[in-house]
J.: 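The structure that follows is given in the form of structure tokens.
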Amino acid sequence: MPSSSTPPADASMDMPPMDRRAPADLSHAAFGLGCFWGPDALFGAQEGVVRTTVGYAGGGTPAPTYEDIGDHIEAVRVAYDPDQISYADLLALFWTAHDPTRAPLKRQYQSALFPATPEQAEQARASRSDVAAAHDGALSTEIIADAPFTRAEPYHQKHKLRRHSAVADPLRAVYPADRAFADSPAAALANGYVGGHRSPTRLTDDAARLGLPTTATEALRTIAADRHRA
């Protein structure tokens, strides 16, 4: 599937303020909750999450792709500011966002945690034990530490946002390269809005951070309101 077409010339804006101010000292962790499009939006909507990237992790098949994923799992890699959101917060979101007792139809949709540090691995194991104690059924969630992560194809990055050109096109005008667009903090946040994971009332404060043109902001408000009610 091809990437989005080149944005129209009038969909212009400056680099989003939140992108210019994004912190450089970030922590990382990856999560598998089934198809990665939804989790990409879910984590992107959280305060303190700076960037999200979807991809493949947890397997041994070399150079996985969507068409040849092998034994890998669809995952979202989260870059976050630990001064604003903790790994424990992300774990809590992970556990409440899906049913960890349900066996996946395919390996690629496996529930999984991919801690990036020994401290994260310890927290992941402790949280799994706590969640398991609260469920009658056994958890299917795997914990795979230090798993290599392969970025998914560009058309999977910010997939929900790409479906709304009124919001995506101004950002694509700033970031015509697929990777730059996918790695934009503003794109992560906008993707969270269109995914229905952030209340449209928060746009009162977020609009200035996003720096979108007025028409794009209003389009985002409408989309978010529809999705947040769904």
Side-chain angles (χ1 to χ4, degrees), residues 26-46 48-49 51-80 82 85-153 155-160 182 188 191-192 194-198 227 230:
L26 301 175
S27 296
H28 300 81
F31 305 84
L33 299 85
C35 175
F36 47 29
W37 293 342
D40 189 25
L42 173 66
F43 283 99
Q46 308 308 309
V49 170
R51 294 182 182 86
T52 59
T53 308
V54 297
Y56 315 111
T61 305
T65 66
Y66 189 71
E67 298 300 330
D68 188 15
I69 194 171
D71 58 348
H72 287 274
I73 298 166
E74 291 191 21
V76 56
R77 187 171 187 259
V78 178
Y80 63 98
I85 190 170
S86 68
Y87 183 59
D89 294 330
L90 296 175
L91 285 171
L93 182 64
F94 167 83
W95 292 118
T96 57
H98 75 302
D99 181 357
T101 66
R102 181 176 299 172
L105 296 176
K106 297 180 179 180
R107 168 71 178 172
Q108 73 186 82
Y109 302 133
Q110 173 69 43
S111 171
L113 291 167
F114 304 99
T117 67
E119 293 76 16
Q120 286 183 357
E122 183 177 353
Q123 289 183 68
R125 289 190 292 268
S127 72
R128 190 187 190 285
S129 296
D130 290 343
V131 172
H135 283 78
D136 293 331
L139 302 188
S140 64
T141 306
E142 296 181 12
I143 299 176
I144 307 172
D146 300 319
F149 180 88
T150 301
R151 289 177 72 104
E153 296 79 357
Y155 66 86
H156 286 301
Q157 309 294 340
K158 307 299 175 287
H159 183 269
K160 292 183 179 294
N191 194 47
V194 301
H197 298 295
R198 196 169 175 97
R227 292 291 297 121

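None of the values given here were measured: they were computed from a predicted structure.
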J.: Would Phe94 and Leu33 count as a side chain to side chain contact (heavy atoms under 4.5 Å, CB included) if you check the C-alpha gap in whole Å, the side-chain angles of each, and the deciding distance to 0.1 Å?
T.: CA-CA 8 Å; Phe94 167 83; Leu33 299 85; 3.6 Å; yes

J.: To the nearest 0.5 Å, how far apart are OG in Ser140 and CZ in Arg102?
T.: 9.5 Å

J.: Please report the interatomic distance CD1(Ile85) to CG(Leu93), rounded to the nearest 0.5 Å.
T.: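 Going from CD1 on Ile85 over to CG on Leu93, the span is 7.0 Å.
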
J.: Give the intermediate values and the outcome of side chain to side chain contact (heavy atoms under 4.5 Å, CB included) for residues Arg51 and Leu26.
T.: CA-CA 10 Å; Arg51 294 182 182 86; Leu26 301 175; 3.5 Å; yes

J.: When rounded to the nearest 0.5 angstrom, what is the spacing between CD in Glu74 and OH in Tyr66?
T.: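 If I round to the nearest 0.5 Å, the distance is 5.5 Å.
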
J.: Answer yes or no: is there a side-chain heavy-atom contact under 4.5 Å between Thr101 and Asp136?
T.: no

J.: For Glu153, enumerate each residue passing the salt bridge (charged side-chain N to carboxylate O under 4.0 Å, His left out) test, keeping only those at least two apart in sequence or located in another chain.
T.: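 Partners of Glu153 under the salt bridge (charged side-chain N to carboxylate O under 4.0 Å, His left out) test: none.
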
J.: Could you check whether His98 and Ser111, counting side-chain N and O atoms only, form a donor-acceptor pair closer than 3.5 Å?
T.: yes

J.: To the nearest 0.5 Å, what is the distance between OG (Ser127) and OH (Tyr87)?
T.: 6.5 Å

J.: Check whether any side-chain N or O of Asp71 sits under 3.5 Å from a backbone N or O of Gly60 as a donor-acceptor pair, and report yes or no.
T.: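 Pair found, side chain donor or acceptor close to backbone of Gly60.
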
J.: Any donor and acceptor pair, going by atom type alone, linking the side chain of Thr52 with main-chain N or O of Val78 inside 3.5 Å?
T.: no

J.: Indicate yes or no for a side-chain donor-acceptor contact from Arg128 to the backbone of Thr141 under 3.5 Å, with no hydrogens or angles considered.
T.: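 The answer is yes, because a donor-acceptor pair under 3.5 Å joins these two groups.
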
J.: What distance separates Asp146 CG from Gln120 CD, expressed to the nearest 0.5 Å?
T.: 10.0 Å

J.: For Ala75 and Ala57, work out which heavy atoms get closest and say how close.
T.: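 Heavy-atom minimum between the residues: CB-CB, 4.5 Å.
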
J.: Test side chain to side chain contact (heavy atoms under 4.5 Å, CB included) on Trp95 and Leu113 and set out the steps.
T.: CA-CA 10 Å; Trp95 292 118; Leu113 291 167; 3.9 Å; yes

J.: Short question: side chain of Arg198, backbone of Ala45 - any donor-acceptor pair under 3.5 Å?
T.: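 A pair under 3.5 Å: yes.
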
J.: Give me the atom names and distance for the closest heavy-atom approach of Asp40 to Thr53.
T.: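 Closest approach of Asp40 to Thr53: OD1-N, 4.4 Å.
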
J.: What heavy-atom pair brings Val49 and Gly44 nearest, and what distance separates the two atoms?
T.: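 For Val49 and Gly44, the tightest heavy-atom pair comes out as CG1-CA, 4.3 Å.
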
J.: Specify the closest pair of heavy atoms between Asn191 and Ala41, including all atoms of both residues, with the distance to one decimal.
T.: O-CB, 3.4 Å

J.: Taking NZ, NE, NH1 and NH2 as the nitrogens, is one of them in Glu142 or Arg107 under 4.0 Å from a carboxylate oxygen of the other?
T.: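 Yes, this pair counts.
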
J.: Between Thr150 and Ala63, is there a donor-acceptor pair closer than 3.5 Å when you use the side chain of the first and the backbone of the second?
T.: no

J.: Do the side-chain N and O atoms of Ser86 and Asp89 include a donor-acceptor pair separated by under 3.5 angstrom?
T.: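 Present: a donor and an acceptor within the cut-off.
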
J.: Apply side chain to side chain contact (heavy atoms under 4.5 Å, CB included) to residues His72 and Thr61 and explain how you reach the verdict.
T.: CA-CA 7 Å; His72 287 274; Thr61 305; 3.9 Å; yes

J.: How far apart are the closest heavy atoms of Tyr56 and Ile69, and which atoms are they?
T.: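 Scanning both residues completely, I find the closest heavy atoms to be CD2-CD1, 3.6 Å.
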
J.: I need the minimum non-hydrogen distance between Gln46 and Leu42, along with the two atoms involved.
T.: NE2-O, 2.8 Å

J.: Centroid separation under 6.0 Å, is that true for the rings of Phe43 and Phe31?
T.: yes

